[in-house]
Amino acid sequence: MTQISELGEFGLIHHLTDKFENKNASTIKGVGDDCAVLSYPDKQVLVTSDMLMEGIHFDLVYTPLKHLGYKAAQVNFSDVYAMNGTPRQLVVSMALGRRFSVENVEEIYEGLRLACERHQVDLVGGDTCSSVTGLALSLTCIGEAPADDVIYRSGAKENDLICVSGNLGAAYMGLQLMEREKRVFESRPAQDAEAAQPDFAGREYLLERFLKPEARRDIVERLRAAGVRPTAMMDVSDGLSSELLHICRASHCGCRVYEERIPLDYQTAVTAEELNLNVTTCALNGGEDYELLFTVPLTAHEKVAAMDDVAVIGSITREALGPQLVARDGQEFELKAQGFKAF
């Protein structure tokens, strides 16, 4: 393994970024100078940042470094798509402990490169430093959108339909499986590592949703192709209930969401039952699904209902009615956020 000190900071940056090629006309100058130079003469510029801390946002006991890099990039791209924009550039900074080698960091960057290639995003800069508390990643994504296309959380109107892409709760189930197997692994003697290897047969989808999420560019493209412009949109990072409440607060409205309409994958339901968890609670509050939650006018019902992998789960109501969950038996409950809290 190559010690990072052998290359030094700038040698490491050159080593890691040498394989990245710029693909966007808005990237005038990428890595290699004091600043990246970008040009957006006719577009609105969208900027989003995310920080990932070892022990808080990821656990290296079960998170491959390549997957970590891929996921870190996808998390940022998802925020730009949630504004109806297109991600164009990525800035990556990281703090590294002494236990990390050059080869370890190469794995992270391989995941970043794969994500950037898949979404045609240019890596244009960043920073590296040492750490005494573990690995930390800080990413900033720059995107673009025509001024009239940008969608905020604050545009939902009474009678709008509430829609969500994909299915919910699968990433949380993947996390629960990993945490369960970690406890089993740590309870065994060190020499018994072979016997502690978990069997995830039949649960591969849940692990992929947790370790390798995909930002939903395809949903944004299909909405555009269908001529449907959402009135409000967010990505589901902290849980469906939390994101719905953000939209309700920003748009000064209420909502009614139907439990029976919340999309679930079969593996999610089976695993929740196996772990003695309420699957609806997991779907509402699990988080890290990175699906798109959006509202559309009632007149767009036929178009969104015809879209694959999109579910209409409720409607926007008057603010005075508040956020409500309609259970399978018809009873209504106040919708509360119980998902991830940063502090």
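Model, not experiment: these values are computed from the prediction.
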- Which atom of Phe210 lies closest to which atom of Ala171, heavy atoms considered: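 Heavy atoms of Phe210 and Ala171 come nearest at CB-O, 3.5 Å.
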- Identify the heavy atoms of Arg153 and Met233 that sit nearest to each other, and give their distance.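 It is CG-O, 4.2 Å.
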Should [X] and [Y] count as side-chain neighbours, where that means a heavy-atom distance under 4.5 Å?
X      : Y      : answer
Val270 : Thr268 : no
Val47  : Thr140 : yes
Lys157 : Pro297 : no
Tyr81  : Asp235 : no
Val105 : Met94  : yes
Asp59  : Tyr62  : yes
Ser242 : Asn285 : no
Val296 : Thr231 : no

Mark yes or no for whether [X], through its side chain, and [Y], through its backbone, hold a donor-acceptor pair below 3.5 Å.
X      : Y      : answer
Asn76  : Ala72  : yes
Thr27  : Asn22  : no
Ser131 : Thr133 : yes
Glu204 : Gly202 : yes

- Message: Can you list everything that forms a salt bridge (Lys or Arg N to Asp or Glu O under 4.0 Å) with Lys43? Sequence neighbours excluded, please.
- Response: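 Lys43: salt bridge (Lys or Arg N to Asp or Glu O under 4.0 Å) contacts with Glu144.
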- Message: As a quick check of understanding, evaluate side chain to side chain contact (heavy atoms under 4.5 Å, CB included) for Phe58 and Leu135, giving each step before the final call.
- Response: CA-CA 10 Å; Phe58 60 89; Leu135 175 63; 3.9 Å; yes
Please determine whether a side-chain nitrogen of the Lys or Arg among [X] and [Y] lies less than 4.0 Å from a carboxylate oxygen of the Asp or Glu.
X      : Y      : result
Glu106 : Arg113 : no
Asp308 : Arg222 : no
Arg88  : Asp122 : no
Glu288 : Arg209 : no

Would you say [atom1] of [X] has more than 12 non-hydrogen atoms from neighbouring residues, nucleotides or ligands within 6.0 angstrom?
X      : atom1 : result
Arg180 : CZ    : yes
Glu21  : CD    : no
Glu302 : CD    : no
Asp42  : CG    : no
Glu332 : CD    : yes
Arg98  : CZ    : no

- Message: Could you walk me through whether Ile262 and Asn167 satisfy the side chain to side chain contact (heavy atoms under 4.5 Å, CB included) test, starting with their C-alpha distance in whole Å, then the side-chain angles of each, then the deciding distance to 0.1 Å, before giving a yes or no?
- Response: CA-CA 8 Å; Ile262 296 173; Asn167 59 78; over 6 Å; no
- Message: Could you tell me if Lys71 sits above the aromatic ring of Tyr290, with its cationic atom closer than 6.0 Å to the ring centre and no more than 45 degrees from the axis?
- Response: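 Relative to the ring axis of Tyr290, which defines the angle, Lys71 lies outside at least one limit.
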- Tell me whether the guanidinium CZ or amine NZ of Arg203 lies under 6.0 angstrom from the six-membered ring centre of Phe200 and within 45° of its axis.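 Cation-pi check for Arg203 and Phe200: fails.
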- Query: Picking from His67, Lys66, Gln74, what satisfies side-chain hydrogen bond (donor to acceptor under 3.5 Å, both in side chains) with Tyr70?
  - Reply: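 For Tyr70, the side-chain hydrogen bond (donor to acceptor under 3.5 Å, both in side chains) test succeeds with only one of His67, Lys66, Gln74, which is Gln74.
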- Would you kindly confirm whether Leu90 and Leu52 end up in one hydrophobic cluster when ILVMFWY residues are joined by side chain heavy atoms under 4.5 Å apart?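 Same cluster.
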- Task: State yes or no: do Leu292 and Ile151 share one hydrophobic cluster built from I, L, V, M, F, W and Y residues joined by side-chain heavy-atom distances below 4.5 Å, directly or via other members?
- Result: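 Cluster IDs for Leu292 and Ile151 match.
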- Query: Can you name the residues that form a side-chain hydrogen bond (donor to acceptor under 3.5 Å, both in side chains) with Asn84, not counting sequence neighbours?
  - Reply: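 In terms of side-chain hydrogen bond (donor to acceptor under 3.5 Å, both in side chains), with neighbours along the sequence ignored, Asn84 is linked to no residue.
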